[in-house]
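For reference, the structure discussed in these notes is given below.
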Number of protein chains: 2
Amino acid sequence: MVRQLHGSPSSITDVAALANVSIATVSRVLSGKRAKNDDISRRVREAAAQLDYSVNRAASSLRGTTTKMVGVVVPSTYDLFCSALIDALEPVIDDHSDQLILGLGATHDLQMSRIESLVDRNVDGLVVVCAPDTDLTDVFDRHAGQLPIVQIGEGRRSVHTSSVTIDQALSMEQVISHLATLNVKSVAYLAGEQFSFESAEMLSMLHTQLRAFGLTTQPSWNQFGPATVERGFNATMRILATDRPDAIVCVDDNVAFGAMVAIRALRLRVPQDIKVIGANDSPLSRESNPTLTTLRPPFEQIADEAMRLIERGPSYTSHISLVSQLIVRESTLGTAADMERQITSGADE
Amino acid sequence: MVRQLHGSPSSITDVAALANVSIATVSRVLSGKRAKNDDISRRVREAAAQLDYSVNRAASSLRGTTTKMVGVVVPSTYDLFCSALIDALEPVIDDHSDQLILGLGATHDLQMSRIESLVDRNVDGLVVVCAPDTDLTDVFDRHAGQLPIVQIGEGRRSVHTSSVTIDQALSMEQVISHLATLNVKSVAYLAGEQFSFESAEMLSMLHTQLRAFGLTTQPSWNQFGPATVERGFNATMRILATDRPDAIVCVDDNVAFGAMVAIRALRLRVPQDIKVIGANDSPLSRESNPTLTTLRPPFEQIADEAMRLIERGPSYTSHISLVSQLIVRESTLGTAADMERQITSGADE
DNA sequence: TTGTAGGCGTTATCAG
DNA sequence: CTGATAACGCCTACAA
């Protein structure tokens, strides 16, 4: 393989010359728009490899109809949902030989600005996680005719864009059904921030499912708050000061961890005395709490569906709803021995 | 402003026609390669605005010398250091009117593949966080002549690339000096994973600084392990079963949180009985542990320096070392009242 | 199936 | 400082 360390990289003309064919043929062979796999085809590939040739994307974008770039706009990579999504999206985008262009913005204006930039760049598609309380429908409507846009998760929908969401009702049903199987009678719920539409929706579904399965809860057990370990700890302490629910369902694995610590601090056992379930599981939280029964959003599926929708172009819009996976672990099913092990081992070495 | 909802977007030719100048002049005005700010300049800008014109980056890249794209390659966005870095880098890159192309890879092969893709795309520069135990010097050497490459943090350095790192020695000095001021005599250290070079370096610096300030430690107090809440909890429980260090320094805010929970579980007080210090602070961990004294890496500075190095082009290489900021909070300086408040309040509402 | 040639929108060059 | 013009590298009718 000849490396052109100095001088400009080889172009399609060089390949054509070396393979003794026209540049049109080279273009067709290399872009797969040619049926046969004969001698010519072989010669072209060989020449390309020898010259270490790769297409100039700028030229290709200029003349062709795609840029092989996909824009991804999310509020922040701190957000565990967003980082899990990005980690799932990146390999899928790479598989399509596309590039992931990242836009960050936690406000309407920032998100809009990033989206405009990406549209300016003629990205082939846009994946957007709307910031909380943000309405981007105007921006979407403005561009949805030009390129496929896929909204992920909550947020007001534009008529012209596709969406991939998580079916919170089915997810909650899995949780309550699981608890019912374990003979749980009463359930506390540590929700997310009050102002979030998602939180309100989840809470309402919880009540629906509790009713369906004949379980009970109490108003003081259904608390809104930030999704932090500390909040889980504090909220649980407060509930357990006077009451004793059979299970605590948490909006987040961090909250669930705080709850478990609080339960242990009160000399109660998980899961024998109280069962704990988390949600919005991500590899990061899993690592820090490997015994927690939790709802894992289907990030790989989300990424696959999003890219599929982008591939189909702007004229096709579809709304896809996926269901989280309930991962059953010791915090609901474990034996006393399991939990003992969890607390005392974890050997540092 | 005239929107061209249907039909192709306006090009430089349209602007030139409307402004009654040549396309060359339009190009110069809009790219700032023209001194005066006279009538011509004004007419051009006006025409561009009227036509909602924006340059076609593909054409610009094809003809010009830059692509206005910066590649960022990191192991994973789960990693708090990486997500904090990306969140700091994105706005800086946007300020330069560039786009951030993200490449993810936790292994040598993946990182190399992403870097090759980005170089193929002719990005204007590359920011790379090497995966642990990964040597990318061969890849760097191959491309460092073509485009500026900036390594962030640990990892083997290539002679031809720039780097921006955190001065761990100075950071540790801040920590120990702070503890010395508070009359701390003995310090335990919960390190990161044993195999990481960074961990070993930090531990050695800890000992150096302890000696310098006349503090003590014990071999059994210096433990390697994963950076999780659970690990911090377990490790602290084990140490406190027999010993009583005046302070515990943790490699990570999560570990520190686990340590604080363990201390409280043993009915000891932070900071009166034992002081706790974290490190690698990020907004995420700060949110879940707002009372922790911690070392915050200078992400904004890192981002600024990285972009500055990229702007200077491939021929200029420089190695920059920045120092973390010690954020002093209640876990070392607080009063009893502070900590009481921390535990019992945190009002869910 | 292959080659030829035109043009995508921009920037760099060079002459005025 | 401005304007005309030549690339940049590629894709794709269209002709052979």
Side-chain angles (χ1 to χ4, degrees), chain A residues 4 7-45 47-48 51-69 97 119-124 146, chain B residues 4 7-45 47-48 51-69 97-99 119-124 146:
Chain A
Q4 309 216 349
S8 50
S10 47
S11 82
I12 198 174
T13 315
D14 305 324
V15 179
L18 185 57
N20 248 315
V21 294
S22 72
I23 62 166
T25 302
V26 174
S27 174
R28 283 189 281 252
V29 169
L30 262 37
S31 63
K33 282 172 183 159
R34 187 171 172 286
K36 292 194 288 189
N37 201 2
D38 54 7
D39 184 58
I40 287 184
S41 169
R42 202 182 43 69
R43 249 163 48 215
V44 168
R45 289 182 209 288
L51 295 172
D52 197 18
Y53 168 77
S54 60
V55 308
N56 181 321
R57 299 291 195 184
S60 176
S61 304
L62 179 57
R63 189 58 180 77
T65 58
T66 66
T67 56
K68 307 295 281 173
M69 301 189 294
S97 326
V119 173
D120 257 15
R121 281 257 179 180
N122 299 308
V123 293
D124 294 337
Q146 322 274 330
Chain B
Q4 310 216 349
S8 48
S10 47
S11 82
I12 197 172
T13 315
D14 306 323
V15 179
L18 185 59
N20 249 315
V21 293
S22 73
I23 60 168
T25 301
V26 175
S27 174
R28 281 188 286 251
V29 169
L30 264 36
S31 62
K33 282 171 183 158
R34 187 173 173 285
K36 292 194 286 189
N37 200 3
D38 54 8
D39 184 59
I40 288 185
S41 168
R42 201 182 44 69
R43 250 162 49 214
V44 167
R45 288 183 211 287
L51 296 172
D52 197 19
Y53 168 77
S54 62
V55 310
N56 181 321
R57 299 292 196 182
S60 176
S61 304
L62 178 58
R63 190 55 181 85
T65 58
T66 66
T67 56
K68 306 297 279 173
M69 302 188 295
S97 330
D98 289 357
Q99 299 283 165
V119 173
D120 257 15
R121 281 257 180 180
N122 297 310
V123 293
D124 294 338
Q146 323 272 331

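Chain letters run A, B, ... following the sequence lines, proteins first, then strands; residues in each count from 1. No hydrogens, no waters, no symmetry mates; every other heavy atom, side chains included, goes into these values.
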For nucleotides 9-12 of chain D, which of its nitrogen or oxygen atoms have a protein nitrogen or oxygen under 3.5 Å away, and what is each distance?
{"residue": "D/dC10", "atom": "OP1", "partner": "A/Y53", "partner atom": "OH", "Å": "2.5"}
{"residue": "D/dC10", "atom": "OP1", "partner": "A/N56", "partner atom": "N", "Å": "3.2"}
{"residue": "D/dC10", "atom": "OP2", "partner": "A/I12", "partner atom": "N", "Å": "2.5"}
{"residue": "D/dC11", "atom": "OP1", "partner": "A/S60", "partner atom": "OG", "Å": "3.3"}
{"residue": "D/dC11", "atom": "OP2", "partner": "A/S27", "partner atom": "OG", "Å": "2.9"}
{"residue": "D/dC11", "atom": "O2", "partner": "A/R63", "partner atom": "NE", "Å": "3.1"}
{"residue": "D/dC11", "atom": "O2", "partner": "A/R63", "partner atom": "NH2", "Å": "3.3"}
{"residue": "D/dT12", "atom": "OP2", "partner": "A/K33", "partner atom": "NZ", "Å": "3.0"}

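- Annotation for A/L62 and B/A59: closest pair CD1-CB, 3.7 Å, computed over non-hydrogen atoms.
- Residue B/T25 places at least one side-chain N or O closer than 4.0 Å to OP1 or OP2 of D/dG3.
- Between B/S11 atom OG and B/N56 atom CG the span is 9.0 Å, to the nearest 0.5 Å.
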Run the side-chain hydrogen bond (donor to acceptor under 3.5 Å, both in side chains) test on A/D120 and B/S54 for me, step by step, so that the C-alpha distance in whole Å, both residues' side-chain angles and the decisive distance to 0.1 Å come before the verdict. CA-CA 7 Å; A/D120 257 15; B/S54 62; 3.1 Å; yes

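- For DNA chain C, the contact window with chain A, defined by any atom under 4.0 Å from a protein heavy atom, covers C/dT1 to C/dG9 in 5' to 3' order.
- Residues B/M69 and B/D124 form no side-chain contact, since every pair of their non-hydrogen atoms from C-beta on lies 4.5 Å or further apart.
- Scanning for salt bridge (charged side-chain N to carboxylate O under 4.0 Å, His left out) contacts around B/R34 gives B/D38, with sequence neighbours left out.
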Test A/T67 against A/N122 for side-chain hydrogen bond (donor to acceptor under 3.5 Å, both in side chains), laying out the working first. CA-CA 7 Å; A/T67 56; A/N122 299 308; over 6 Å; no

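- In this structure, the salt bridge (charged side-chain N to carboxylate O under 4.0 Å, His left out) partners of B/D98, at least two apart in sequence or on a different chain, are B/K68.
- Every residue two or more places apart in sequence or in another chain was checked for a salt bridge (charged side-chain N to carboxylate O under 4.0 Å, His left out) with B/R45, and none qualifies.
- Annotation: the terminal axes of the helix from C/dT1-D/dA16 to C/dG16-D/dC1 meet at 30°, where each axis is the rotation carrying the C1' atoms of four end pairs onto the next four (5 pairs per end, rounded to 10°).
- Interatomic distance, B/T25 OG1 to B/K33 NZ, rounded to the nearest 0.5 Å: 14.0 Å.
- Considering only heavy atoms from C-beta on, A/I12 comes within 4.5 Å of A/Y53 through its side chain.
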